[in-house]
Amino acid sequence: MLVHPQPNPVAFSIGPVEIHWYGIMYVVAFALFILLGRVRIKTQAHVQAQGWTYTDLDDMLFYGMLGVVIGGRLGEVLFYRPDYYFSHPLEIIQTWHGGMSYHGGFIGVLIAMALWARKRGRNLMDVYDFIAPMVPIGYACGRLGNFINAELPGRLADPNLPWAMIWPGVEGPRHPSPLYQMLVDGILVFVIMWLFARKPRPRLAVGALYTLLYGCARFFTEYFRVPDWETHVMGLPITSGQVLSLPMIVAGLIMLGWAYSDANKRAVHA
């Protein structure tokens, strides 16, 4: 059985300013977005054919950062702990302690990219297709930050499970759920998306596949995580993360069907 290493959440200090590992993970995520985007622009002919430039990438990052941070925090406040945060409003801005909702960040990025697309006169679906393969690896960085902060403990695990872990402040051996989500929702989805996006696809197919894959992956890994809240649908328990992921699964399926429809293919080639 493993024991959570409980690293100091503060990586280093500069005078009175503390730099947290959680914040560093976001910086790494944004840096990987730029790096992977440059690789796509440089090596993938169909991406070059759409006229994507490094300047576009840098400009999109600024909008994306705002979407991730604002949307992610508002999602955490509204989806998971509204009573607590409305009673402690000053803590809403303390993002360095963790507490960012992926689904809120997802919505925030969609809105931010819509604003960027309108500003630059780009087709919004092309924007989603371009950024989708770079998103999962950034998500993986965020989950690593959760693990460092000892956030999101897993459900009780069989003590004989080789990677069952004693979690600080929680009784019994636990599944290390942030690492599961880093590996499945993040790295595995990234590999699939990167391979899929290497070839030309119908408009919105790449963005739709990411929406579907993340929704399915998150629905699965939620079974190993202590839920923020849980309800019942037709007598079956369903967690907060699963409730928020179901619309992504449905939307992903609908968008994929549309992306591969004859009507969309005619529109793309018109």
Side-chain angles (χ1 to χ4, degrees), residues 4-5 7-11 19-37 60-81 91-113 131-154 167 175-194 210-211 213-222 224-228 239-242 244-245 248:
H4 190 285
N8 189 337
V10 178
I19 308 301
H20 290 245
W21 283 111
Y22 192 79
I24 291 175
M25 290 299 103
Y26 272 77
V27 173
V28 172
F30 296 139
L32 287 173
F33 177 87
I34 291 292
L35 175 63
L36 293 171
M60 290 168 65
L61 177 63
F62 173 73
Y63 280 75
M65 289 170 60
L66 292 178
V68 167
V69 175
I70 296 175
R73 194 56 169 178
L74 288 179
E76 176 72 14
V77 172
L78 298 175
F79 296 158
Y80 294 106
R81 295 198 292 167
E91 292 192 25
I92 293 176
I93 63 173
Q94 296 177 11
T95 57
W96 53 87
H97 294 310
M100 299 284 281
S101 160
Y102 167 82
H103 295 92
F106 180 79
I107 295 171
V109 169
L110 293 183
I111 295 172
M113 291 301 100
I131 68 171
M134 289 99 77
V135 171
I137 202 69
Y139 171 89
C141 293
R143 287 305 183 217
L144 181 57
N146 290 139
F147 180 76
I148 293 172
N149 279 358
E151 297 177 316
L152 312 181
W167 208 265
H175 289 282
S177 62
L179 298 184
Y180 290 2
Q181 294 189 303
M182 179 186 76
L183 294 172
V184 178
D185 308 4
I187 295 174
L188 176 60
V189 172
F190 165 72
V191 171
I192 296 172
M193 287 302 307
W194 190 260
Y210 173 68
T211 304
L213 284 179
Y214 177 83
C216 292
R218 177 65 182 269
F219 198 94
F220 168 72
T221 54
E222 278 286 316
F224 302 97
R225 168 178 162 178
V226 174
D228 296 273
T239 72
S240 53
Q242 290 171 329
L244 294 169
S245 295
M248 296 184 70

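Values reported hereafter were calculated over all heavy atoms of this structure, with side chains retained and with hydrogens, waters and symmetry mates removed.
S177 approaches L152 most closely through the heavy-atom pair OG-O, 2.6 Å. In terms of heavy atoms, P133 sits closest to F190 at O-CD1, 3.3 Å. Residue A217 comes nearest to V189 through the heavy atom pair CB-CG2, 4.1 Å, listed as atom of the first residue, atom of the second, then distance. For the pair M113 and I131, the tightest heavy-atom approach, listed with the atom from each and the gap, is CG-CD1, 3.7 Å. In this structure, Q242 and F219 approach most closely via the heavy-atom pair NE2-O, 3.0 Å. G104 approaches S101 most closely through the heavy-atom pair N-OG, 3.0 Å.
How far CG of L36 is from CE of M193: 12.5 Å, rounded to the nearest 0.5 Å. I187 CD1 to M182 CE: the interatomic distance, rounded to the nearest 0.5 Å, is 5.0 Å. In this structure, OG1 on T239 lies 8.5 Å from CG on D228, to the nearest 0.5 angstrom. Here the CG-CZ distance, from L244 to R218, works out to 7.5 Å after rounding to the nearest 0.5 Å. Separation of atoms CG (D185) and CG (L213) is listed at 10.5 Å; rounding is to 0.5 Å. In this structure, CE in M25 is found 5.0 Å from CG in L144, a value given to the nearest 0.5 Å.
F30 pairs by the ring-ring contact (aromatic ring centres under 6.0 Å, His included) definition with nothing, not counting sequence neighbours. Partners of Y139 by ring-ring contact (aromatic ring centres under 6.0 Å, His included), not counting sequence neighbours, listed by chain and number: Y102, Y214. Listed by chain and residue number, nothing satisfies the side chain to side chain contact (heavy atoms under 4.5 Å, CB included) test with A31 (two or more places apart in sequence, or in another chain). S245 meets the side-chain hydrogen bond (donor to acceptor under 3.5 Å, both in side chains) test with H103; sequence neighbours excluded. The ring-ring contact (aromatic ring centres under 6.0 Å, His included) check on W21 picks up nothing, with sequence neighbours excluded.
Looking at P136 and Y210, their side chains come closer than 4.5 Å, going by heavy atoms from C-beta outward. Side-chain contact check for F224 versus P176: every heavy-atom pair is 4.5 Å or farther apart.
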Which atom pairs, donor and acceptor, lie under 3.5 Å between side-chain atoms of residues 61-68 and protein residues at least two apart or in another chain?
none

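Formation of a donor-acceptor pair under 3.5 Å by the H4 side chain with backbone atoms of F147 is found in this model.
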Report the C-alpha separation of R225 and H175 in whole Å, then their side-chain angles, then the decisive distance to 0.1 Å, and conclude whether the side-chain contact (heavy atoms from CB on, under 4.5 Å) test is met.
CA-CA 7 Å; R225 168 178 162 178; H175 289 282; over 6 Å; no
